[in-house]
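For ligands, and for the atoms within them, numbers begin at 1 and follow the listed sequence. These values consider heavy atoms only, across backbone and side chains, with no hydrogens, waters or symmetry-generated copies.
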Amino acid sequence: MLLVRNLSQIATPAGRTGLRGRAMRELRVVERGVIVIDGERFVWTGVESQMPESIRPAISDDFDARGATALPGFVDSHTHIPFAGFRESEFNRRLQGETYEQVAASGGGIASTVRSTRAASEEELASNVLARARMMARYGTTTVEAKSGYGLDKECELKQLRAIRRAAADSPVRLVPTCLAAHEFPPESRGSEMAREGWVSTVIGEILPAVAEEKLAVFCDAFVERGVFTRDQGERVLRAGAALGMTPRLHADELSDTNGASLAASVGAASADHLMQVSDAGIKALAASDTVANLLPGTSLFLMSERFAPARRFIEAGAIVSLSTDCNPGSSMTESMQIVMQLATLRMRMTVEESITAATLNGAHSLRMAHEIGSIEPGKRADLVLIDAPSYLHLVYHFGVNLVTAVFRDGKVVPLTVNR
Ligand code: NIG
Ligand code: FE
């Protein structure tokens, strides 16, 4: 067994399911405690003088945390990391006044990433996933959901998902794959309503069954948005995915309110994501459901919008709220859950405690893994981040720098390497 000692503080939410309302603020905090890990799992945490006698003789190793604070490894439950090519010039154009929609209309946007992702090999995509996974680990993330959706043809969607699988063997973070073939209409299918319906049929009739056949995705997702997929098309895609064993998630109410939140709740989605434009009815629907409201404030920042998702209203209504990076080359080019928590507090008025619960246990719940990960508790997988701070409050208070000093996944120290 491994003893993690010399900690200033241990701070963690508790439980094996997502938390709502006031419970999101209830972190268990131990001052100067220790953590005991047996193999891949936590076995005990608390003040060393209270450690059961039976444990001490089994300790064979120790890790000096040098005064760090311990938190559960962050769970980033919404990313688009299997992409090729960047869009930094488009970013620079947006800084000079063009909008995201204008850039997309001139051939940039998602279409530009689709071109470079189609041109990349599975090996290149896997190496990109790995590079991003390594960056995420350096910032304290231990579990990452990763979506396809820049292939937009059968082979390339499968290529993206196979790249995730290929990267998983070397990845410091746990990767959870999602098929987002319904991210956009491919350039070939934009011409007419019939062509668009054709793409929806391809997703339902060909891509999702092939993904299920190779067991390439745990979740399926769709982008329901004005000018993209209608609510009805989104619903058909998600129901088809669910029938093949892939739990739905949904890009909902991001740029316009299309009643996406209530659609997500009604199909039993694991999460409804973005939600910048959600209606009161949408908030109510999520609060009354087990569908997590997954908020992505990095996207509001990066799109230079003053509109952030109404986190306080979600929490007060009793929804399960999580936080994620949305890491993608167009609308949120970051791997850092720390900046996301800083935005959640400073721009969405979440408390530090709520944002920690949202970035750990509630993210785990949205991946349907809260019984295994998301908190530092005996029996759970030993995923841990140590930060150079006397208390968990520093995670937000000491902003804009990387506080991570060590990361453990499944009980093993993760090498925090740079690049590939
Ligand atoms: O989650 N909402 C749609 N998809 C991405 C953006 C993708 C892109 O611009 O490449 C998002 O924000
Ligand atoms: Fe997204």
(request) From the options H183, H78, E90, select the one whose nearest heavy atom is closest to atom 3 (C) of ligand 1. (result) H183
(request) Starting from atom 12 (O) of ligand 1, locate the nearest protein heavy atom and write down its residue, its atom name and how far away it is, to 0.1 Å. (result) S331 OG, 2.7 Å
(request) Rounded to the nearest 0.5 Å, what's the gap from CG on L395 to OG1 on T69? Could you check? (result) 9.5 Å
(request) Report yes or no: does H80 have a heavy atom closer than 4.0 Å to ligand 1? (result) yes
(request) For residues A126 and A167, report the shortest heavy-atom separation together with the two atoms involved. (result) O-CB, 3.6 Å
(message) If the cut-off is 2.8 Å, does any N/O/S atom of D273 fall short of it from the Fe ion (ligand 2)?
(response) no
(message) With carbon and hydrogen excluded and only N/O/S kept, which atom of D326 is nearest the Fe ion (ligand 2)?
(response) OD1
(message) Looking only at side-chain N and O atoms, does T178 offer a donor or acceptor that is under 3.5 Å from a partner on D221?
(response) no
(message) Less than 4.0 Å is my threshold; does some heavy atom of E225 fall inside it relative to ligand 1?
(response) no
(request) Mind checking the CE-OG1 spacing from M350 to T357? Nearest 0.5 Å is all I need. (result) 8.0 Å
(message) I need the minimum non-hydrogen distance between C179 and I207, along with the two atoms involved.
(response) SG-CG2, 4.4 Å
(message) Distance alone, cut at 3.5 Å: any donor-acceptor contact between the side chains of T230 and R196?
(response) no
(message) Considering non-hydrogen atoms of the protein only, which is the closest contact for atom 2 (N) of ligand 1, and what is the distance?
(response) E254 OE1, 2.7 Å
(message) Which atom name would you report as the N, O or S atom of H80 nearest the Fe ion (ligand 2)?
(response) NE2
(message) How far is atom 9 (O) of ligand 1 from the closest protein heavy atom, and which atom is that?
(response) Y100 OH, 2.3 Å
(request) Decide whether the shortest distance between a heavy atom of D326 and an atom of ligand 1 is less than 4.0 Å. (result) yes
(request) Look at the aromatic rings of H78 and H274 and report parallel, tilted or perpendicular, splitting at 30° and 60°. (result) perpendicular
(message) If the threshold is 4.0 Å, N to carboxylate O, is there a salt bridge linking R118 and E155?
(response) no
(request) Before signing off on this row, confirm whether T113 and ligand 1 have an N or O atom pair separated by under 3.5 Å. (result) no
(request) Would you please say whether a donor-acceptor pair under 3.5 Å links the side chains of S375 and K380? (result) yes
(request) Tell me which N, O or S atom of H78 sits nearest to the Fe ion (ligand 2). (result) NE2
(request) May I ask you to identify, for F83, whether its side chain, its backbone, both or neither come under 4.0 Å of ligand 1 on a heavy-atom basis? (result) neither
(message) Checking contacts here: is it the side chain or the backbone of R87 that comes within 4.0 Å of ligand 1, counting heavy atoms only? Could be both or neither.
(response) side chain
